[in-house]
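Below, chain A is the first sequence line, B the second, and so on; all start at residue 1. Computed from heavy atoms alone, side chains included, the values below leave out hydrogens, waters and symmetry copies.
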There are 2 protein chains.
Amino acid sequence: MTRPRPTIHDVAREAGASIATVSRALNGGVVSAAARERIEAAIGRLGYRRNDVARGLVTGRSGLVGVVLPDLIGPLYAHMARGIEDVLDEHGMHAMLVTDHLEPDAERRAIELLRARQVDGLVLIGSRLQPADLRAAAGSVPIAHVQRDGPDDEAPQVRLDDAAGVRAAVEHLAAAGHRRIAHLAGTRRDGIERREAFVAAMAEAGLEPGPIVDGGFTEEGGEAAAAVVLDDPDVTAVFCASDRMAVGLLHAAQRRGITVPDDLSVVGFDDLTWARYLCPPLTTVRQPGREMGRAAARLVLDGPFDAAVPVLRIAPTLVVRASTAAPRSHGPAAPSQRRHEPATEEVIAPEIPPPP
Amino acid sequence: MTRPRPTIHDVAREAGASIATVSRALNGGVVSAAARERIEAAIGRLGYRRNDVARGLVTGRSGLVGVVLPDLIGPLYAHMARGIEDVLDEHGMHAMLVTDHLEPDAERRAIELLRARQVDGLVLIGSRLQPADLRAAAGSVPIAHVQRDGPDDEAPQVRLDDAAGVRAAVEHLAAAGHRRIAHLAGTRRDGIERREAFVAAMAEAGLEPGPIVDGGFTEEGGEAAAAVVLDDPDVTAVFCASDRMAVGLLHAAQRRGITVPDDLSVVGFDDLTWARYLCPPLTTVRQPGREMGRAAARLVLDGPFDAAVPVLRIAPTLVVRASTAAPRSHGPAAPSQRRHEPATEEVIAPEIPPPP
DNA sequence: CAACGAGGTGTAAACGTTTCCAGTCCGGCG
DNA sequence: CGCCGGACTGGAAACGTTTACACCTCGTTG
């Protein structure tokens with residue numbers, strides 16, 4: 001009933017050719033028209049499909065790029081994976097996704113697993129591995145990082161231009177008239193960069209930075225951290241280093257009867273799928289995950305065009321929705337959005353500063 | 001600098017043993033303690049790692065289960081993938097994810113690609129392929145479906161107990177006093193099942209079904225379809241076959257100045273990540289994606305325990321949030337939630353009816 | 001004391017490809 | 001007519017494993 005799969009040998013016999021000729025016909029080598037025709041007919045008759053495992057063994061390549069990412073649930077990571085698939089598709093290659101749930105040990109195992117499968121390259125999203133451990137695990141497989149969390153190593157990386165995004169957010173708030181702006185920060189590397197950028201951008205705007213509290217990037221952390229921030233009566237705006245913390249902040253504000261944006265303006269970071277559905281729709285810095293994934297895939301396939309500049313910065317955009325407005329003290333409050341009106345969006349793309 | 005990877009031969013030479021012994025040591029065969037020790041030392045010294053491609057070629061198995069799914073962006077699919085990974089992990093296996101973006105042709109290619117890589121099993125999420133095409137593409141690889149979209153075939157499948165979910169939703173609305181309930185339907189197979197279940201559940205509740213409009217499962221479709229439904233002045237509640245359509249409905253209602261839940265109750269389906277963040281937080285039927293993924297993975301690894309019942313129904317739960325209340329005509333409107341108060345959730349798990 | 005079995009080991013044949021190399025055939029040129 | 005070279009072909013050696021089989025060495029048992 002269920003016969004073994006036909007091999008290239010079966011095709012050769014059926015077509016009256018040698019396996020070498022069949023292989024050439026399959027891979028676009030020089031083969032006479034007659035032979036090619038007989039072989040194609042035989043393939044059709046037998047239902048032959050190439051065995052990529054055997055092929056991989058002899059060629060040493062697999063047509064696979066391994067992708068190690070924290071999880072599949074986060075929309076941002078999913079978008080990055082999508083971007084990677086975009087460009088791999090163009091090259092006739094495929095992605096193999098492995099999740100590490102932010103555990104360095106799982107990350108190491110994931111890399112070794114992928115290497116055992118002979119992946120032709122590796123895209124690591126948010127990698128925390130030390131450079132030495134990384135090199136040990138990955139051997140000579142080319143690597144590209146996306147938003148690497150650990151210290152820089154020699155592999156090329158794609159990073160969001162966090163500073164530009166933060167600057168856009170702070171400028172937006174400052175322009176609206178906010179003077180005391182708080183910051184909900186995250187603990188990972190990008191959180192620290194955003195925090196530093198926040199302080200710098202405030203200085204640029206001629207403002208003292210308001211209270212800065214760590215919310216660990218999560219809803220719960222944001223909610224807890226928000227409590228601290230909301231105790232400061234002078235704070236009229238909060239810039240959050242992630243949308244998830246912004247949600248927590250929104251909840252905390254609601255619980256205290258603080259109305260957004262009338263009493264408090266809130267800016268998030270990431271523009272997750274649902275940021276636009278929040279109450280009110282969230283003004284936030286959009287992280288172009290798909291583009292970042294694309295860039296990383298190109299990097300891993302072609303290598304960095306310029307070995308001297310191994311970090312490629314991608315520009316974010318500020319998406320202005322309904323969670324920001326002028327502060328109350330600034331005269332009559334701007335008319336708050338009608339309760340359920342989907343906000344019109346305004347997208348602000350900062351000019352990209354050339355990397356130093 | 002970058003030497004070729006050591007092979008089992010190198011280990012054998014270094015340890016003064018034969019490759020057969022090394023292989024046995026690696027795979028837990030009978031080997032003397034002395035030899036095992038020498039081999040392990042050699043492996044450490046050389047940094048040897050097994051080549052799974054070569055291994056796969058001779059064993060005929062890959063330790064991989066192929067997963068074909070519409071996309072990675074939808075949180076529901078991502079949860080299913082996570083569930084699959086859960087049980088594969090327990091078996092020391094791994095998933096290879098390929099997206100088909102709902103195109104049957106891409107689905108076929110995905111399956112053939114995975115088969116060329118010798119996957120040991122296939123989990124197909126929302127497959128639309130005809131049974132014949134499917135068999136042709138998959139050959140003898142074991143298959144398990146999740147929420148198959150095409151007509152049944154002989155492969156075991158995991159399905160949501162759509163009817164139970166719909167019944168819970170309708171009962172919830174009827175109990176609140178709603179008499180004329182509309183339905184935003186979807187066009188895929190599960191949409192049709194939900195629609196039929198809606199009619200049946202309404203009958204069970206002693207009610208005429210209200211208007212039923214196709215919204216194609218998307219936000220835009222939901223918004224368009226909502227316009228039709230909202231024209232009926234007697235409709236006090238709408239049951240949507242997906243959360244995405246519920247979002248569209250919410251927007252349309254807002255635009256018309258219809259307040260939810262005071263003027264209109266809305267129930268969604270799926271409980272996507274952000275359903276709780278909507279304005280107001282959405283009452284919805286939760287689809288336990290991760291469980292479904294787990295069940296499917298078990299099915300593909302162990303085969304169906306009972307070949308006679310190839311469809312495994314998973315029970316959904318109704319999550320009651322703030323988008324549903326008693327209709328206005330029912331005396332003074334129930335006090336609507338305070339504007340931003342995160343709704344307390346009430347979860348209703350329907351008793352699972354034994355499959356017929 | 002012979003025979004046997006248990007434990008351990010090595011040789012070699014697969015697995016299904018790609019690819020190097022050495023042909024064979026034929027037409028055209030000197 | 002002899003050669004050369006181009007177009008095409010097939011044999012065979014890899015690639016790095018697993019595993020069937022044969023063998024060897026002891027200690028134990030009849």
Can A:Asn51 and B:Arg115 be counted as having a side-chain donor-acceptor contact under 3.5 angstrom? no
Quiz item: Is the number of heavy atoms from other residues, nucleotides or ligands under 6.0 Å of A:Arg61 CZ greater than 12?
Solution: no
Filtered N/O pairs between nucleotides 24-26 of chain D and protein, under 3.5 Å:
none

Practice prompt. Would you check if the side chain of A:Arg38 reaches a backbone N or O of A:Ala15 as a donor-acceptor pair within less than 3.5 Å?
Written response: yes
Rounded to 10°, the helix from C:dC1-D:dG30 to C:dG30-D:dC1 deviates from straight, judged by its five-pair end axes, by 60°
Residue set satisfying side-chain hydrogen bond (donor to acceptor under 3.5 Å, both in side chains) with A:Ser18, at least two apart, ordered chain then number -> A:Thr21
Comparing B:Ala17 with A:Leu26, nearest DNA chain C nucleotide closer to 5' gives the residue B:Ala17
Distance col, row B:Leu160:CG vs B:Glu193:CD, nearest 0.5 angstrom, shows 9.5 Å
Taking N or O atoms only and anything under 3.5 Å, show me the protein contacts with nucleotides 14-16 of chain D, one pair per line.
none

B:Asn27 atom CG is separated from D:dT19 atom P, nearest whole Å, by 7 Å
**Main-chain N/O of B:Arg189 paired to B:Asp149 side chain as donor or acceptor, under 3.5 Å** = yes
Start with the C-alpha distance between B:His145 and B:Ile125, add both sets of side-chain angles, then the distance that settles side chain to side chain contact (heavy atoms under 4.5 Å, CB included), and finish with yes or no.
-> CA-CA 6 Å; B:His145 288 285; B:Ile125 300 180; over 6 Å; no
Treating B:Arg148 as the side-chain partner and B:Gln157 as the backbone partner, does any N or O pair qualify as donor plus acceptor under 3.5 Å?
no
| message | Just so I know, are the side chains of A:Leu299 and A:Leu301 near enough to count as touching, which here means a heavy-atom distance under 4.5 Å? | response | no
When rounded to whole Å, the CZ to P distance for the pair A:Arg24 and C:dG23 reads 16 Å
Whole-Å distance, A:Ile19 CD1 to C:dC20 P, equals 15 Å
Residues in residues 32-41 of chain A with a heavy atom under 4.0 Å of DNA chain D, by number, are A:Ser32, A:Ala35
| said: Do A:Val98 and A:Leu114 make a side-chain contact, defined as non-hydrogen atoms from C-beta onward lying under 4.5 Å apart? | reply: yes
Would you check if the side chain of A:Asp52 reaches a backbone N or O of B:Ala116 as a donor-acceptor pair within less than 3.5 Å? no
In whole angstroms, the gap separating C1' of C:dT17 from CG of A:Asp52 amounts to 10 Å
Residues 74-85 of chain B vs side chain to side chain donor-acceptor pair (under 3.5 Å), sequence neighbours excluded, gives A:Thr99-B:Glu85
TODO: Identify whether NZ of Lys or CZ of Arg in A:Arg188 sits under 6.0 Å from the centre of the six-membered ring of A:Phe217 and within 45° of that ring's axis.
DONE: yes
